[in-house]
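In what follows, a structure is listed as structure tokens, so that the remarks can point back to it.
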Amino acid sequence: MASQSPRRTRPDLSSSSSHRRTIHHASNTIGPSEEINHFAEWGQAQDPLDVNGRDKSDDAGPSDYWRRRSPSPSSQVQPAPINWRKLSDQPFDPNAIEDGPEDLFWTSQPLSRPATTREDLPMNGIENDEREYAKRLHEVMRNDLTQSRSPSIGSDLANLNGNGYNQTYGEIMGTNANGESIGDEEFGRLSSPRIDGMSDRTPSLSLSDTKIVVPQSSIVSPSPGKRTSFILSAVTTVTISPDQTYIAVGRSSGNIYLYDLASPAKAARATNGLTLQQVLSGRREGHLQNSRIIHIGFVGSRHTSIVSGDEHGRAFWWSLGKVMGIESNDVVRMLGSYPSSGPEVNANPSKRLSTLFAALPLPLDEQSHAIDRHLLSALLTPTKLVVVGMKPNPKTWFRKMRGNLGGEFGGLTGTALWRWSTTNNPSLVYSWGSLVQILHVKAGTDPEFVEGKFIDVQEPHILVMTTTRLILVDARTMTVSESTLLQTRLLTSLDLYSDLSKATVHPPPGSLIGSVKLHRDKLFLLTKTTLQVGTLKHWNDRILLQVHQGDFLGAIRTALAYYEDRAEGNTINLPEDPDERKMIVSAKLRELLLASLRWAFSPDRLTDDSHYGQGVDLTSLFEGLASASIEACLAMHNLPFLFDEAYDQFAQAGIQGIFLRLLEPHILSGRVRDIPPTMFQALISMHEDRGEPDKAEAIIWNVEPTSLDIDRAITLCEEHGLWDALIHVYTRAMKDYVAPLVKLINVVRDIQQDRLNRPYLAGDLADQDLEGWAPNAYKLYAYVESVLSGLSYPSGQPLPELEANAARNEVYSFIFAGRTISWPTTSDLVLTNDGAEPPYPYLNLLLRFDAEAFLHSMDIAFEDPYLNDTSGAMNRQSIVNLMLDVMDPEYFHPGDITFLHIFVARNLPKYPQFLFIPPSTLHRILVSLASDPDQSTREDRQLAAEYLLSAYTPHDSEAMLRLFDQAGFYRILRTSYRREHKWAKLIHTLLRDPDSDDQIFDSLDDIITSASASSEINAAITEVLPQLLSLGVRQTALLLDRDLPLCHGQAIENLAAAPLKQLAYLRCLLEPDIDETGTTQPSTKIERPLRHLYVNLLCQNDLNHVITFLDARGPDSFDLRQLVTDCESHGCFEGQLWALDRQNKTKETFDAFGDILRTQGADLNEAILSCEAGSIHMTLSTVQTVSKMATRICQEHSQSSITAEVEDMWLGVLHEIIELVHSTSAMQLPVPTEPIKVCMEALRGIVQETLASLVSSSSSALSLPRLFKRLVDASTSASPGSKKGRTYAEFRTILTGMLDSYRSEGELLNMTTRLIEADLFDILVELKVKRESGWRSVSCDCDACGDLIEGSNTIIWADGRIIHSSCEAGREV
């Protein structure tokens, strides 16, 4: 081996580390029956290396290193002594073997080992994986082919592990037959009866929780004469130096020991725990006695420089040296403090609850770096992260407080990990609770620390262990590559952080510091019963695992997922370049496919050419194999393998139907188009046997023409009428574009002859057999359209230019041939009827069968530039001339002639440089378009006429306009009238056009605006007003108000028979709705008579809205005298009082009010006597509205009038209302009735409301007592015949009701006040609590920039968002 620096080996980590393979667990529990190797004497040990210096033991494979067992008792291999690994003559190269170092032992006799071949030589990286993969795959396939088994039974990985280490777990752990430790925590000598009863310097490590049972005869007592024993406390942490020559051990007593593995009989260096008095005296520094050491690590390259940390949060740097054989230790306390005074504290001597999550020295890289000289160490506690450097002077280089980071478990769990990046700078990955963060260290004169989000490392993966999962994280993107469940409760744990739960509501999880280690890319997990070892699986390890389990289909799918870059989990050991990755994976995938096919179709699995082997239905197996093979080969674009290997295997076994059925969807989707002709024949035969001609047709036109069996395809298509497939075969495989025309012409001819000779117009459909072929006949028109456009039928794919031109030439020549032609031989004429053939027989037949369909095909063909060559035999001009000549009106239906004229009219302006038609012909075509009475084609004919008029101007325009008017070509007429400024005719034509109803008002607005409102326009609009009003009253009102306001009167007159329409007309102008008109401003163009008309209409139809309208418009908009008369005549007493008051006729207003109440009182008395509930209700409603109007007038005058006048107004109103109450209550009825009770309650309520309005009046000069006295006097004097007692009783009832109402409102107000005060108190208490507690952020990142929040210059919002002050200032700017 080459010389290796101690820097080459990185220290193992417990909680986080870099990995290259997926974690895979195996439980290696050693039972009592397993062979135990006995100890050999160290002094007589011989070097087991051969002459080349190579160990004869087998190499450890990449995946089964942890599965290898000790040889059985019958093994011929001599047992090796379980000696501690001694350094060989040459330094060990840790990169020589991928899965870890070969353990070398000195033994008394050379071990018998099998010969080492070239295949056994260790290799690194991908090469080793590939050779291991190939070797194992071949071995599995060889075993599977030689012994029959069910495909559902998986292979046992243990059967392929080969030879492994020749020592047992019990020997490594040093346990006796009862599972007890041998020499607890001591290094001594154990005798070996197979050698000489003595073993020199043989260490034994013990674990108290090991549950291993070992035969008692396998263990002997240590030799008391040659044994140095140290009765020590429990080991709580251990680590190995970077060069693997020293180990450091920390114990629960607070002692630390260094052992030289070259002489492990006793500790090379040691330091003991101190008493509290020793440290308080100031003469000593170190861990207190009984403080468990939970972290230890080597600093730099020195074996005697270490960092340690105990459970109470104290960390120290040690330089354990010797001077003249006497220990001379230097120690620096890096973190933590001692108890201030008092007796020794064994449980928790710290002042506060704290501990160390990590005390981690910076490991050495493979090369030296400037940062190494500082001897950095990371110290992680529940409250902070500290990075300390010991050289040149002890110094704290970085400190970060945790704050609220990590969530609710942030102060209960944590870990840290150093990693070297590709920039030769270290990075620290650390965690608090559920938060993982990264700290980059940049080398310089002084180290620079920068927070980051990613790590750029050579092996970019970090393994994160949570309480429930192992998560593999890609450090370059900090995304999860994969994860696996992990039951951490089964691991051994230490109770190191239980004291932290006193400050939190959540109990902290147990510490796994000593139960999880990573060494040489292997993860060691110490459970309560077993030692589990896991390693990252490569991509090919995943495939091999499925192969070992017999799941070949799963292995193929997994390999395909890696090929297509969609596999879950990591892609370690695969190139980043996609092409290189596909090249590597495709080779494995092809090998898997080939091996799987050979295994599935081996003679042991197939019998009598069936897919039922050994009584087991293997259909699902073959279906899965076929599907996997197809998907893999299509992904790799390896069709030769798919057809030559996979399909042949299925065909030879007679089960090709399974393969074809699964391949067919890929053919139909276009993924597979080129297949062997034999496979095509098999597909066609399969569908023909099943009676599925439509699926056979789909196969035919979805495969490449070169794959077709032409004779077989044509026969099938003709038998089943598969015209699309038949056309595809002729055109794509045979390049014959005339044959489809001939075949389909015969169908069209037979149907046309049947129609002509049919003796009935309608009959039983069973007698019309040929009509069922009509859809096939129409395929001729679609075929002609595609070919003349340069496209393939039926796929629609463009043809190559030369082939497309040849196809066009053949089709044009056939269709427009002047006489019948022969096909395929000169003696076979293609006829179109039974009699004499007309000129241009094929064109004639196609036009007679369906002129519209053929002209549509030609319309598409005219767009093709092939017809641009005017010198050629076929061009647009010649085609139009031929069709005009052939379609003689004497022999063709007028509807077909119309279709031809539409075709010509539309194409003439599109191709003016290629078409020339005489004016006489154009005039004849225009007249024909306007003369056809068929209303179903009116729009098409009008559009064609518009096209034609854009290129041709008729000489008799007036006659043509009359003809267009008869034909209903209103769009042409409107264009002509607008151009000639014939506005009246334009308006009448617009209203006659049924297609313009939804745009008629916009068009009229445009016309009126363009014509500048003339007498012609006014007359025309007035004439069509009834039509406009029938189309829309509101739209007409808005149109007239905007353009012709003088026509409002005429419009209202036209609506005289419909008052509701008059109301709607005026309302949209006087009270516009913003959603309807876009504005709330009333029209200013409505004259006063129309406003009065609107008030009258409101009085008749919406009485309650009258006052609202009057208040909105004001008194200046009306003739108030006329308004009084109108309102009085329509019974709108509110409007009458409003109009009188607006004339300042106060006396007349309240006189009218009194007259109205007296009149209504008389009506009310009559209604009560007649017990008419409806009349009573209407009268009471009128009294209430009139009283409210009078009260409103009094309130308005209270703001401006003098006190005497206002008091008289209120007195008059109250007096009239009370008189009405008196008159009603004085009615003499035989017995009390319900109507009078209702009336009295309503009238008294009116009095109370009026008095309440009086009290709430803002006039301070009003005296309620004086007014009340006047009211009583007026009431008694006005009713001399009435009794005073009754009058006073009425007033007492009114006043009592008022007081009760005030009392209720006062109580309600007090209750509301108390509720508001109580709510206000609760809100203030909550506000006080929140102000004292402050707001807590929900994230540690700035809401604006996304960077981590550090320092105090931040802003926290109430919803938990946090932001830098500078970012907030930038937002405001």
| For His923, which residues count as a side-chain hydrogen bond (donor to acceptor under 3.5 Å, both in side chains) partner, sequence neighbours excluded? |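 Applying side-chain hydrogen bond (donor to acceptor under 3.5 Å, both in side chains) to His923 gives Tyr952.
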With the threshold set at 4.0 Å, does a side-chain nitrogen-carboxylate oxygen contact exist between [X] and [Y]?
X      : Y      : result
Lys985 : Asp965 : no
Asp934 : Arg941 : no
Arg661 : Glu623 : yes
Arg819 : Glu837 : no

Quick check for you: to the nearest 0.5 Å, what is the distance between [X] atom [atom1] and [Y] atom [atom2]?
X      : Y       : atom1 : atom2 : answer
Ser976 : Leu986  : OG    : CG    : 10.0 Å
Ile727 : Trp701  : CD1   : CH2   : 11.5 Å
Tyr977 : Ile1007 : OH    : CD1   : 12.5 Å
Met858 : Glu863  : CE    : CD    : 11.5 Å

Quick one: are the ring centres of [X] and [Y] less than 6.0 Å apart?
X      : Y      : result
Tyr737 : Tyr730 : no
Tyr778 : Tyr781 : yes
Phe816 : Tyr842 : no

| query | Phe964: what forms a ring pair (Phe, Tyr, Trp, His ring centres under 6.0 Å) with it, not counting sequence neighbours? | reply |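 Phe964: ring pair (Phe, Tyr, Trp, His ring centres under 6.0 Å) contacts with Phe969.
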| task | Could you tell me whether a side-chain N or O of Asn875 sits under 3.5 Å from a main-chain N or O of Ser878, the two making a donor and an acceptor? | result |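 Here the side-chain-to-backbone pair exists.
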| Are the side chain of Asn809 and the backbone of Asn805 linked by a donor-acceptor contact shorter than 3.5 Å? |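 Judged by distance alone, no pair lies under 3.5 Å.
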| Charged tip of Lys582 within 45° of Tyr563 ring normal and under 6.0 Å |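 Yes, cation above the ring, under 6.0 Å and within 45°.
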Where [X] and [Y] come nearest, the two heavy atoms and their spacing:
X      : Y      : result
Ile860 : Ser789 : CG2-OG, 3.4 Å
Leu847 : Val886 : CD1-CG1, 4.3 Å
Ala945 : Leu929 : N-CD1, 4.0 Å

Just wondering, more than 12 heavy atoms not from [X] lying within 6.0 Å of its [atom1]?
X      : atom1 : answer
Tyr840 : OH    : no
Tyr911 : OH    : yes
Gln913 : CD    : yes

| Residue pairs, two or more places apart or on separate chains, that pass salt bridge (Lys or Arg N to Asp or Glu O under 4.0 Å) and touch residues 626-648 |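 Pairs touching residues 626-648 that pass the test: Glu631-Arg671.
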